Amino acid sequence: MTPDLLITDARLVRLRGPDPCAAIAAQTVAVRGGKITFAGDADGAPAAGAHTQIWPAEGRLLTPGLIDCHTHLVYAGSRAAEFAKRMAGASYAEIAASGGGIMNTVAATRAASEDELIAQSLPRLDRMLAHGVTTVEIKSGYGLDLETELKILRCARRLGELRRVRIITTFLGAHTTPKGAEADAYIDDVCIPALRTAAMQGLVDAVDGFCETIAFTPGQIARVFATAQALGLPVKLHAEQLSNQAGAELAAQFGALSADHLEHVSADGIAAMAAAGTVAVLLPGAFYALRETIKPPVAQLRAAGVSLAVASDSNPGTSPMTSLPLAMNMAAILFGLTTEETLQGVTRNAARALGRHDIGAIAPGLSADLCLWDCTDPAELTYRIGDPPLHARIFEGQAC
Ligand SMILES: [Zn+2]
């Protein structure tokens, strides 16, 4: 089959096979209809036709497009003023008393029109894309009422139409209990009905929750997950970020795609995740911004064979970050991941954390989501502190 696009003389990192992070020189990638049809030595490549675009990579590094598998990208307002107060010594209680914290973002997001929400979120998305991202997961969770949760998910879908990027939506109604409500009543009377409506409208790809002393109990999360299961939707969980709630075990019990944060995960939690094939999504941005000291037990996760992913956790409160390569650098420096692990963490393991088998590697049949970098060593992507040498981003076979 004649390719639409031939990328020649690339230093290819396939993220497949026994040495997935090896960079192999002088490789060719062929693309047709937005999909990879060939990746390998030039002499085995399909011949170019009259309409084939030929792109000489001139020895540059070619990797899969990066996948940010955990973000809260769609919200209104800023928490910079609150950050300034906190840095000047104000306590969390004082900030909460003056209207700060997550409810600050909820109020701004409820008040924003859909167009305003898009206008505020699009520049954040653009910065992510400028750092090589081709797939972004976006969670709801700043609405905490039916209408606003739907609005956030609609905005997330619209962002995917406004830019050449794949958006995957996650319903996170169980993010926090809105002011004045009681947690059990909120879960049963608002969160679960909102999930059913959002799913019916085709706005939900997965379901998430926040299992923590300051959020929801495992029992409350289990009710949300049971609903997700009945709707045929995969689940994931914000688990063991600030304390151990046996959230990892709960996630594994529901066959979760991922358990995220995991600073306080136990040996039992790790074993349960390994048995269920649940990916550990590490979020060093929030760890850094909260000045946490307990790190996720990377060595134990590794030893148990749990796949490690890395994400930006882009959100206004605890990780106002839009650079996935910065998260890669932080995961290496703060958590001790190798540069191979950080690269796998934003490609093939991030794809697993989203339940996707068509992205995250360079192989025939997969979507032609690719990044061409002005370097030859894959370690450069993690080594530079949030300043990746992106040369070109290719989404479904088209440069953008
Ligand atoms: Zn999060």
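The residues of the chain are indexed from 1 along the displayed sequence. One-based numbering, in listed order, for ligands and for the atoms of each. Just so it is clear, the structure is predicted and the values come from calculations on it, not from any experiment.
For the residue pair Ser314 and Thr322, no side-chain donor N or O sits within less than 3.5 Å of a side-chain acceptor on the partner. No hydrogens or angles considered: nothing links the side chains of Arg110 and Thr148 as a donor-acceptor pair under 3.5 Å. Between the side chains of Thr217 and Gln245, no donor-acceptor pair is found at a separation under 3.5 Å.
A pairwise comparison of heavy atoms in Leu122 and Leu159 identifies CD1-CD2, 3.6 Å as the closest pair.
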Contacts table for residues 273-298: side-chain donor-acceptor under 3.5 angstrom, sequence neighbours left out:
| from | atom 1 | to | atom 2 | distance (Å) |
| --- | --- | --- | --- | --- |
| Thr278 | OG1 | Ala256 | O | 2.8 |
| Lys295 | NZ | Leu334 | O | 3.0 |

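For the side-chain hydrogen bond (donor to acceptor under 3.5 Å, both in side chains) test with Asp208, the passing option among Lys139, His72, His70 is Lys139; the others fail.
The number of protein N, O or S atoms lying under 2.8 Å from the Zn ion (ligand 1) is 4.
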